[in-house]
Amino acid sequence: MIKKIVFIASLAVNAILAVVLVVGIVGAAEKLKFSYVEKDTIRPDSINMYLDMENYGTVAALSHPVRGGAEIKEEYAECFAMGEYADLLFQRRIFEADGDADTLKKCDERLAAIRADYPGQSSVFDKMDSSIERAVVE
Amino acid sequence: MKCVNCGAEIALTDKVCAYCGSRNLKTADLQADMEKQENRTKKAQRKLVVSISRNMPLVINMIILIALVVGVSVVFYIKDNAYHFQSDAKQNESIQKSEEYRAEIRQYLDDGDYMGFLAFMDYHNIAEYREPYEDLGLVAHMADYYGDLLSDVESFRVHGEDAGWYSPENDVFNCRMSINDFYHEFGYKASEIDADLYRDYIYDMREKADIILKIYLGMDDAKREEFLADSINGQEAYLEELIDD
């Protein structure tokens with residue numbers, strides 16, 4: 001009788017462990033192929049929150065890591081591009097003042113490309129443009 | 001031993017003499033005992049086989065249970081350390097592709113794009129403190145400080161007209177700290193910077209930091225020196241005035 005109980009209990013435990021193992025394998029596989037940008041450094045939710053709050057400098061600062069060539073999920077591409085736009089706009093002034101003509105040219109090309117990729121966000125890009133103007137201390 | 005009848009040499013376990021055919025009476029008791037023991041052993045073996053076959057499903061189940069426990073432990077260990085595994089893999093890849101990566105790093109530095117340089121180093125998990133990238137140690141170190149300064153001034157100064165400012169006090173604090181940290185580190189490492197292979201880039205960072213402070217915080221050379229020599233309160237008061245603007 002005791003043997004039967006032990007057998008049935010071990011069968012139940014095995015079934016539970018098998019489920020846990022499958023869930024664990026799926027989770028581990030997911031973690032092993034995680035996106036650096038999404039999970040490690042930048043939080044898309046934060047970028048979207050600061051975009052809504054029009055804190056474009058923070059959006060730009062949070063987006064810095066994408067400039068190293070990191071791959072991002074398609075669904076988050078737009079918010080990272082917005083951050084990249086704000087960041088390049090901020091740095092454009094620095095390159096201009098420092099006389100980095102080639103870098104300035106690359107910067108302008110990238111800014112134009114981002115604007116062209118997201119025509120629906122032109123009003124936000126315009127706001128970013130004017131926020132940089134206002135950030136400059138005369 | 002010898003046969004009691006013919007005296008031939010026979011084995012202790014022989015029941016009859018192979019030469020004269022007479023019974024081996026000397027070891028008859030012993031042989032009877034041996035037979036008994038053999039029967040007992042056979043009985044015990046049969047019992048054991050029956051017992052094993054009866055408990056086999058339970059034994060197999062227990063083996064599966066142990067295997068599952070080990071499997072679950074390994075999987076969760078991998079899951080918990082996935083970041084480190086990936087990180088190590090990236091670092092190894094950066095060593096294997098060092099020639100290709102170095103060309104890209106050089107391009108970022110030549111462009112004066114130190115944020116891109118930092119992002120590239122971070123993304124590829126390039127360890128500037130070990131071969132084959134150890135020559136980049138100081139330029140990466142200073143780029144970190146430059147990156148903080150740029151990010152904090154950016155966060156502090158760039159807002160839309162209807163911006164909901166999250167925490168101006170925090171922005172002022174971060175901005176003040178990163179400005180002081182960058183210029184302090186530049187002064188502290190001056191002799192190392194002068195001897196470094198990438199000194200021109202580090203000096204360019206300094207120039208760009210000066211430009212950031214001039215354009216976005218209104219500090220010319222004199223004002224910057226005054227700011228850096230000022231007290232914490234004085235520095236914060238200067239930055240807070242910019243918020244009111």
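Note that the coordinates shown come from a computational prediction; the quantities given were computed from them, not determined experimentally. So you know, we letter chains A, B, ... as the sequences are listed, proteins then strands, and number each from 1. The analysis underlying the following values was restricted to heavy atoms, covering all of them including side chains, and did not include hydrogens, waters or symmetry mates.
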Exercise for the section: Please answer whether the main-chain N or O of B:Ser87 pairs with a side-chain N or O of B:Asn125 as donor and acceptor at a distance below 3.5 Å. Expected result: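 Yes, B:Asn125 side chain to B:Ser87 backbone: donor-acceptor pair under 3.5 Å.
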Top residue by heavy-atom pair count (under 4.5 Å) with chain A, among [options]?
| options | value |
| --- | --- |
| B:Lys214, B:His124, B:Met115 | B:Met115 |
| B:Arg54, B:Glu154, B:Lys79 | B:Glu154 |
| B:Ile64, B:Val75, B:Asn55, B:Asn61 | B:Asn61 |
| B:Asp162, B:Asp171, B:Leu217 | B:Asp162 |
| B:Ile212, B:Val69, B:Asp204, B:Asp113 | B:Asp113 |
| B:Phe85, B:Phe117, B:Tyr108 | B:Tyr108 |

Exercise for the section: Before accepting this row, confirm whether a basic side-chain N of the pair B:Lys208/A:Asp100 lies closer than 4.0 Å to the acidic partner's carboxylate O. Expected result: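 Result for this pair is yes, salt bridge flagged.
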Taking [options] one by one, which has the highest count of heavy-atom pairs under 4.5 Å against chain B?
| options | result |
| --- | --- |
| A:Met128, A:Arg67, A:Lys106 | A:Arg67 |
| A:Ile94, A:Val20, A:Asp52, A:Val59 | A:Ile94 |
| A:Asp87, A:Asp102, A:Ile132 | A:Asp87 |
| A:Ala60, A:Ser130, A:Cys107 | A:Ala60 |
| A:Ser10, A:Gly68, A:Gly24 | A:Gly68 |
| A:Asn14, A:Thr58, A:Leu17 | A:Asn14 |

Measuring heavy-atom distances to chain A, does [X] have an atom under 4.5 Å in its side chain, in its backbone, in both, or in neither?
| X | value |
| --- | --- |
| B:Leu150 | both |
| B:Met121 | neither |
| B:Glu207 | side chain |
| B:Phe76 | side chain |
| B:Val74 | neither |
| B:Ile211 | side chain |
| B:Asn81 | neither |

What I want to check is whether the side chains of [X] and [Y] have a donor and an acceptor closer together than 3.5 Å.
| X | Y | answer |
| --- | --- | --- |
| A:Tyr85 | A:Asp129 | yes |
| A:Arg115 | A:Gln121 | no |
| B:Ser178 | B:Asp148 | no |

Problem - Pi-cation contact, B:Tyr123 with B:Lys90 (under 6.0 Å, within 45°) - result: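 So B:Lys90 does make the cation-pi contact.
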Exercise for the section: Indicate yes or no: at least one non-hydrogen side-chain atom of B:Tyr145 is less than 4.5 angstrom from one of B:Tyr183. Expected result: no
Practice task
For residues B:Phe186 and B:Ile202, determine if any side-chain heavy atom of one lies less than 4.5 Å from a side-chain heavy atom of the other.
Solution key: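 Yes, side chains in contact.
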Exercise for the section: Identify the two heavy atoms, one from B:Val172 and one from B:Glu240, that lie closest to each other, and give their separation to 0.1 Å. Expected result: CG2-CG, 4.1 Å
Exercise for the section: Just do the side chain to side chain contact (heavy atoms under 4.5 Å, CB included) check on A:Arg134 and B:Val158 with the steps written out, would you? Expected result: CA-CA 8 Å; A:Arg134 287 189 304 106; B:Val158 185; over 6 Å; no
Practice task
Classify the ring geometry between B:Tyr114 and B:Tyr201 as parallel (under 30°), tilted (30 to 60°) or perpendicular (over 60°).
Solution key: perpendicular
Practice task
Assess the pair A:Phe90 and B:Tyr216: is the distance between their ring centroids shorter than 6.0 Å?
Solution key: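 Yes.
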Practice task
Measure distances from A:Leu104 to the heavy atoms of chain B and classify the residue's part below 4.5 Å as side chain, backbone, both or neither.
Solution key: neither
